Protein chains: 2
Amino acid sequence: MGSTKLNIHDAENNYLAKVAKVFSHPARVAIIKYISSSDSGCICNDIVKEIGLAQPTISQHLSEIKKIGLLDQSASGKSLSYSINTDKLNACRRLINDFFVKTQVNASS
Amino acid sequence: MGSTKLNIHDAENNYLAKVAKVFSHPARVAIIKYISSSDSGCICNDIVKEIGLAQPTISQHLSEIKKIGLLDQSASGKSLSYSINTDKLNACRRLINDFFVKTQVNASS
DNA sequence: TTGTAATATTGCAATATTACTATTATATTA
DNA sequence: TAATATAATAGTAATATTGCAATATTACAA
């Protein structure tokens with residue numbers, strides 16, 4: 001009891017929920033927007049300043065976003081430069097949109 | 001500490017996160033799919049049988065989905081008939097899609 | 001090598017979520 | 001009216017999430 005019963009759902013529903021969960025916290029939404037808005041990658045420290053949460057909290061959110069493969073990172077001096085993996089972002093977009101299309105079609109038929 | 005700091009984010013990000021949270025649990029995804037697939041509304045008891053969680057748990061998930069206005073309900077004998085509010089579903093779809101479009105455009109510019 | 005800046009990890013407290021059993025409210029049927 | 005069916009609510013235990021301070025790690029520079 002207490003934890004989500006993943007085993008009773010199919011893989012498709014579990015994965016959609018997993019992806020949606022990444023976007024289900026305003027800090028992660030803000031982080032993704034901020035990284036996407038910076039021209040050539042984005043340094044963690046700048047995100048900390050931008051968002052207004054402590055560095056470990058941002059680091060934790062970044063790792064949640066990384067878990068679904070939405071972030072690329074590359075070393076840049078002693079900093080890390082984060083950027084959005086646009087292929088993955090597109091895949092997420094399609095995944096979610098397909099769900100809406102299917103649901104919409106069903107709901108209005 | 002412990003709870004999401006809504007006040008440091010703007011309303012747009014908070015709302016997107018709130019909507020995404022509804023889709024961030026596989027049971028809710030399954031419930032929404034199931035309701036949308038039934039021709040003329042859908043009875044709570046059928047959802048309980050379909051999903052395989054206890055009735056109060058389903059009821060709780062339904063109320064989460066209701067919170068963003070995604071469900072319509074109407075009395076039908078001693079049962080309640082749930083259906084998807086397609087306008088709201090469309091609005092959610094657009095909200096999320098706009099986020100992806102903006103993010104995508106930024107990320108690849 | 002020593003110091004320093006940037007990020008990750010650990011550990012913890014506060015809060016939220018998930019799921020259940022028991023109960024209640026309401027409507028229907030006998 | 002009494003029994004039954006349906007769904008919501010209350011209460012609770014288990015687990016997850018959020019956010020922070022403290023600390024560790026990594027990479028560079030002097």
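Keep in mind the model is a prediction, meaning the values are calculated, not measured. Lettering of chains follows the sequences in order, A, B, ..., and the numbering in each one begins at 1.
A sub-4.0 Å separation between OP1 or OP2 of D:dA7 and a side-chain N or O of B:Asn45 is present. Checking the phosphate oxygens (OP1, OP2) of C:dA8, a side-chain nitrogen or oxygen of A:Ser59 falls inside 4.0 Å. OP1 or OP2 of C:dC20 lies within a sub-4.0 Å distance of a side-chain N or O belonging to B:Thr57. The phosphate of C:dA8 has OP1 or OP2 within less than 4.0 Å of a side-chain N or O from A:Tyr82.
Rounded to an integer number of Å, the gap from NE2 of A:His61 to P of C:dT7 is 17 Å. The distance between atom CD1 of A:Ile47 and atom C1' of C:dT7, rounded to the nearest whole Å, is 11 Å. B:Ile58 places its CD1 atom 11 Å from the P atom of D:dA7, with the value rounded to the nearest Å.
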Please report, to 0.1 Å, the donor-acceptor pairs under 3.5 Å made by any side chain of residues 57-73 of chain B, with sequence neighbours excluded.
residue: B:His61; atom: ND1; partner: B:Arg28; partner atom: NH1; Å: 3.1
residue: B:Ser63; atom: OG; partner: B:Gln60; partner atom: O; Å: 3.2
residue: B:Glu64; atom: OE2; partner: B:Lys67; partner atom: NZ; Å: 3.0
residue: B:Asp72; atom: OD1; partner: B:Asn85; partner atom: ND2; Å: 3.4

Using distance only, find each side-chain donor-acceptor pair of residues 88-98 of chain A under 3.5 Å and give its atom names and separation, not counting sequence neighbours.
residue: A:Arg93; atom: NE; partner: B:Asn97; partner atom: OD1; Å: 3.1
residue: A:Asn97; atom: OD1; partner: B:Arg93; partner atom: NE; Å: 3.1

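Here A:Phe23 pairs with B:Phe99, B:Phe100 under the ring pair (Phe, Tyr, Trp, His ring centres under 6.0 Å) rule; sequence neighbours left out. For B:Asn7, the side chain to side chain contact (heavy atoms under 4.5 Å, CB included) criterion is met by B:Lys5, not counting sequence neighbours. For the salt bridge (charged side-chain N to carboxylate O under 4.0 Å, His left out) test, residues two or more places apart in sequence or in another chain that qualify with B:Lys33 are A:Glu12. Remark: B:Asn45 engages B:Ile43, B:Lys49 in a side chain to side chain contact (heavy atoms under 4.5 Å, CB included) (not counting sequence neighbours).
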Between the protein and nucleotides 24-27 of chain D, which nitrogen or oxygen pairs come in under 3.5 angstrom?
none

List every contact pair, protein side and nucleotides 11-13 of chain C side both N or O, where the distance is under 3.5 Å.
none

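Atom OG of A:Ser74 is separated from atom OH of A:Tyr82 by 10.0 Å, given to the nearest 0.5 angstrom. How far SG of A:Cys42 is from CD1 of A:Ile31: 9.5 Å, rounded to the nearest 0.5 Å. Atom-to-atom distance recorded for B:Ser24:OG and A:Lys18:NZ is 13.5 Å, nearest 0.5 angstrom. To the nearest 0.5 Å, atoms CD1 (B:Ile35) and CD1 (B:Ile47) are separated by 4.0 Å. Within the model, atoms NE2 of A:His25 and NZ of B:Lys21 stand 7.0 Å from one another, a figure rounded to the nearest 0.5 Å.
Shown for residues 64-75 of chain B: residues whose heavy atoms fall under 4.0 angstrom of DNA chain D, namely B:Lys66. Against DNA chain D, the stretch residues 7-34 of chain A makes heavy-atom approaches under 4.0 Å through A:Lys21, A:His25, A:Arg28. For DNA chain C, the neighbouring residues in residues 48-56 of chain B, judged by any heavy atom under 4.0 Å, are B:Leu53, B:Ala54, B:Pro56.
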Revision key, fill the gap. Output field dot_bracket for DNA chain C (Watson-Crick or G-U, both distances under 3.5 Å, | for other-strand pairs) contains ||||||||||||||||||||||||||||||

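Between A:Thr4 and B:Pro26 the shortest heavy-atom distance is CG2-CG, 3.9 Å. Counting all heavy atoms, side chain and backbone alike, A:Ala27 lies closest to B:His9 at CA-CE1, 3.3 Å. Nearest heavy-atom pair across B:Ala54 and B:Val48 is C-CG1, 4.5 Å. Nearest approach of B:Ser76 to B:Ser81, heavy atoms of both residues: CB-CB, 4.1 Å.
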Review point. Can you check side-chain contact (heavy atoms from CB on, under 4.5 Å) on B:Asn14 and B:Asp10, steps first, answer last?
Key: CA-CA 6 Å; B:Asn14 284 334; B:Asp10 60 31; over 6 Å; no

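Each of D:dA7, D:dT18, C:dT15 was ranked by its minimum atom distance to the side chain of B:Thr4; first place goes to D:dT18. Side-chain atoms of B:Cys44 lie closest to D:dA7 of the nucleotides C:dT15, D:dA7, C:dA8.
The cluster map of Ile, Leu, Val, Met, Phe, Trp and Tyr, joined by side-chain heavy atoms under 4.5 Å apart, puts A:Ile8 and A:Tyr15 in the same cluster.
A:Leu80 is not listed as a side-chain neighbour of A:Cys44, based on a closest heavy-atom distance of 4.5 Å or more.
Each of B:Ser76 and A:Ser81 was assigned the nucleotide of DNA chain C with the nearest heavy atom; the assignment lying further toward the 5' end belongs to A:Ser81. Looking at which nucleotide of DNA chain C each of A:Cys42 and A:Lys5 is closest to, the 5′-most match is held by A:Cys42.
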